[in-house]
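Note sheet for the following structure.
Read the numbers this way: they start at 1 and go in the same order the structure lists the ligands and their atoms. All residue numbers refer to positions in the sequence shown, counting from 1.
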Amino acid sequence: MNFTRLFEMQKALDAHIEHSRGLKSENLLERKILAFHVEAGELANETRCFKFWSSKAPSSRSVILEEYVDGIHFLLSIGIELGFDDEAAYAFPEPAEEKGEDLVKRFITVTEALEEVRRHKSKNAYKQLFESCTALGSALGFSGNDVEQAYLEKNEVNYERQRKGY
Ligand SMILES: O=c1ccn([C@H]2C[C@H](O)[C@@H](COP(=O)(O)O)O2)c(=O)[nH]1
């Protein structure tokens, strides 16, 4: 799992989007934080982990992984905005599948950490956010390799969407 490579790819994608949308001099941090909250909600919805009132099965593993890496795009993008993308030590824990209430706690931890980043914009808050996101990924049963591969694929889709005027 090579987060340095993903940070580089995210930087290039963000620059491409900002250039083509004429947003070079705008501060996009708050919009990216809200986008990340939305992605976390979409991911939670696909896992159905909080839906105690429903017995419908979760979405497929590939759908959940794609939603997860949408969130990873914004995690990296926020790190770049704040200048915290130089951290070589970000790692991905071993997959350790969890269900139900345990996953609910993981999601709440991510959204709380995201709010801490919004309030304090500190490196420590960002590290906490990063750790809560990788812990969530491993609780969903994903390995670092799964996430890296899915990120590379979605990054390409994001370029394609821009080319097609998404
Ligand atoms: O500055 C940006 C804006 C968007 N995205 C990517 C992240 C997600 O993969 C995808 C979200 O797009 P929607 O499907 O939610 O529109 O766009 C970026 O990487 N950087």
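Residue, atom and distance of the protein heavy atom nearest to atom 20 (N) of ligand 1 are D14 OD1, 2.9 Å. Here the heavy atom of the protein found nearest to atom 12 (O) of ligand 1 is R161 NH1, 3.6 Å. What sits closest to atom 18 (C) of ligand 1 on the protein, heavy atoms only, is Q10 NE2, 3.6 Å. Looking from atom 7 (C) of ligand 1 to the surrounding protein, the closest heavy atom is H73 CB, 3.3 Å. Closest to atom 10 (C) of ligand 1 among all protein heavy atoms lies N158 OD1, 3.5 Å. D70 OD1, 3.3 Å is the protein heavy atom nearest to atom 8 (C) of ligand 1. The protein atom (non-hydrogen) at minimum distance from atom 16 (O) of ligand 1 is Y166 OH, 2.4 Å. For atom 4 (C) of ligand 1, the nearest protein heavy atom (residue, atom name, distance) is F74 CZ, 3.6 Å.
Cluster membership check: F50 does not share its hydrophobic cluster with L140, using side-chain heavy-atom separations under 4.5 Å among Ile, Leu, Val, Met, Phe, Trp and Tyr.
Of all the heavy atoms of V38, none lies under 4.0 Å from any atom of ligand 1, so neither backbone nor side chain is involved.
Backbone and side-chain nitrogen or oxygen atoms of K154 are examined, and none is located within less than 3.5 angstrom of a nitrogen or oxygen of ligand 1. Residue S77 has no N or O atom closer than 3.5 Å to an N or O atom of ligand 1.
In this pair, F7 and Y90 present their aromatic rings tilted. The plane angle is within the 30 to 60° band.
Results of the salt bridge (Lys or Arg N to Asp or Glu O under 4.0 Å) test with R106 over E101, E98, E112 single out E98 as the only residue that passes. When N155, V69, L152 are each tested for a side chain to side chain contact (heavy atoms under 4.5 Å, CB included) with L6, only one passes: L152.
Around atom CD of E115, more than 12 heavy atoms belonging to other residues, nucleotides or ligands sit under 6.0 Å away. The 12-atom threshold is exceeded at NZ of K24, counting heavy atoms of other residues, nucleotides or ligands nearer than 6.0 Å. Within 6.0 Å of CD in E94 there are 12 or fewer heavy atoms belonging to other residues, nucleotides or ligands.
A distance-only check finds no donor-acceptor pair linking the side chain of E67 to the backbone of E39 [under 3.5 Å].
In this structure, the ring of F84 has its center no less than 6.0 angstrom from the ring center of F130.
Close contacts of ligand 1 with L13, meaning ligand atoms under 4.0 Å from a residue heavy atom, involve 19 (O).
At least one heavy atom of E39 sits less than 4.0 Å from an atom of ligand 1. Residue E18 places every heavy atom at 4.0 Å or more from ligand 1.
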